[in-house]
Amino acid sequence: MPELPEAETIARGLRTTVVGERIVGARVLRADILREPKRRFAPKLRGRTITGVERRAKNVLIRLSGDRVLAVNLGMTGRLLPFRKPPRGRTRPGHPAVRLRFASGGVLIFDDTRRFGTVECLTADEWNERAERFGPEPLGDGYRPDDLVRGLARSRAPIRSWLLDQRRIAGVGNIYAAEALFLAGIHPRRRADQVHPQEAAALHGTLRDVLGDAIRAGGTTIRDYRNADGEEGGFARRLHVYGRDGDPCSRCGSAIERDMFAGRSAFFCPGCQPASS
DNA sequence: AGTGTATCCTGCAGGC
DNA sequence: TGCCTGCAGGATACAC
């Protein structure tokens, strides 16, 4: 998916275009991205006004009048695309799943090729309860090196698995886990509780750096990701290890390796990221 | 508390 | 050209 930086970029983009819009129609074209029957979903939206757009973990939250939240999880290929008027011809998204029509004549389309994404209309309370399950936001002011040090010390999971677990830390996915671990010099298979406190503190810094830099670059486009203006992110060319197996490491020249575990590819530099230390 | 595997789904790249 | 396999930014459920 879109990970934290991509969801943040989309939320920021939407904030400038859809806040203030009043929803006059909601059409579900692919009901499997909902978690409830579409007959119940659509009526909940009509007549509501968009009051804000936020991000939590990898979710884009569209705040609605009447204390409702349209919670969008983008899955692997989800996009949120606003248009001033209904798109025609070439500009029409290829896999529209939900289409909101605004009083202004504009539309917001949730498009999702693989349909791993979800769209839910919840009360603010329902969302808040859901959000309790997420770990801390890595870019939050209150997130300190010590929080990561202590979190890692309590787990025997491989560090990459730890970082991908949304209950432990929110918003980190496979790309940024790989990049942060590279920059901190930690092998993705290293047990979390074997990461030394000073390494964990370094990882806290590299995580925040890489996530922040990626937001400033507008996210990473591997293939499908687009921001709310339909544009690609610029961070892909700054990746050190993700998707670069076989390439020489930018630091030491060793060939980047790919290794599969927990069902996903892990990318790392065998020279810079020792399995133990 | 972990891992491995499977599942949801479409598209694309690579091998033959 | 086509057909096949494997893989993809995520999340979840299951057996072990």
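Because only heavy atoms are used, hydrogens play no part in the values below, and waters and symmetry mates are left out as well, while side chains stay in. Keep in mind the model is a prediction, meaning the values are calculated, not measured. Residue numbers start from 1 in every chain, and the chains themselves are labelled A, B, ... in the order their sequence lines are given, proteins ahead of strands.
Contacts between residues 110-130 of chain A and DNA chain C, counted as heavy-atom distances below 4.0 Å, involve A:R114, A:F116. Near DNA chain C, meaning a heavy atom under 4.0 Å away, the residues from residues 214-244 of chain A are A:T220, A:T221, A:I222, A:R223, A:D224, A:Y225, A:Y242.
No side-chain donor-acceptor contact under 3.5 Å links A:E3 and A:Y225. Looking only at atom types and distance, the side chain of A:N227 has no donor-acceptor partner in the side chain of A:R12 under 3.5 Å away.
With both pairing distances under 3.5 Å, C:dG6 is matched to B:dC12 as a Watson-Crick or G-U wobble pair.
With ring centers used as reference points, A:Y143 lies under 6.0 Å from A:H204.
Atoms OG1 and CG, on A:T118 and A:N73 in that order, are 4.5 Å from each other to the nearest 0.5 Å.
Residue A:F134 contributes atom CZ, which lies 13 Å from atom C1' of C:dT12 at whole-angstrom precision. The nearest whole Å value for the distance from the CD1 atom in A:I33 to the P atom in C:dG10 is 19 Å. Computed from coordinates, the A:F267 CZ to C:dA8 C1' distance equals 10 Å when rounded to whole Å. Put simply, CG on A:L163 is 14 Å from P on C:dA11, counting in whole angstrom units. Rounded to an integer number of Å, the gap from CZ of A:R167 to P of C:dA13 is 10 Å. Nucleotide C:dA11 holds its C1' atom 15 Å from the CG atom of A:D32, rounded to whole Å.
Salt bridge present: A:R130 and A:E120 bring a charged side-chain N and a carboxylate O closer than 4.0 Å. A salt bridge is absent between A:D146 and A:R144; no separation between the charged side-chain nitrogens and carboxylate oxygens falls under 4.0 Å. Comment: A:E137 engages A:R55 in a salt bridge, judged by a side-chain N to carboxylate O separation of less than 4.0 angstrom. The existence of a salt bridge linking A:E54 and A:R63 is confirmed by a sub-4.0 Å separation between a basic side-chain nitrogen and an acidic carboxylate oxygen.
Spacing of P atoms, C:dC7 relative to B:dG4, comes out at 15 Å, to the nearest Å. Rounded to a whole angstrom, the distance from the P atom of B:dA6 to that of C:dT5 is 15 Å.
Chain A approaches DNA chain B within less than 4.0 angstrom (heavy atoms of the protein), and the contacting nucleotides run 5' to 3' from B:dG2 to B:dG11.
Two residues, A:G263 and A:A157, neighbour DNA chain B, and the one matched to the more 5' nucleotide by heavy-atom proximity is A:A157.
Look at A:N174 and you won't find any side-chain N or O under 4.0 angstrom from OP1 or OP2 of C:dG10.
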>> Walk me through whether A:Y242 and A:T220 qualify under side chain to side chain donor-acceptor pair (under 3.5 Å).
In response: CA-CA 11 Å; A:Y242 183 86; A:T220 302; over 6 Å; no
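Residue contacts for A:R189: at a heavy-atom cut-off of 4.0 Å it reaches no nucleic acid atom on any strand shown.
Between the side chain of A:R190 and the backbone N or O of A:I159, no donor-acceptor pair lies under 3.5 Å.
Taking the ring centre of A:F261 as origin, the terminal cationic atom of A:R160 falls inside the region bounded by 6.0 Å and 45° from the ring axis.
In terms of heavy-atom proximity, A:R114 sits nearest to A:T77 at N-OG1, 2.9 Å.
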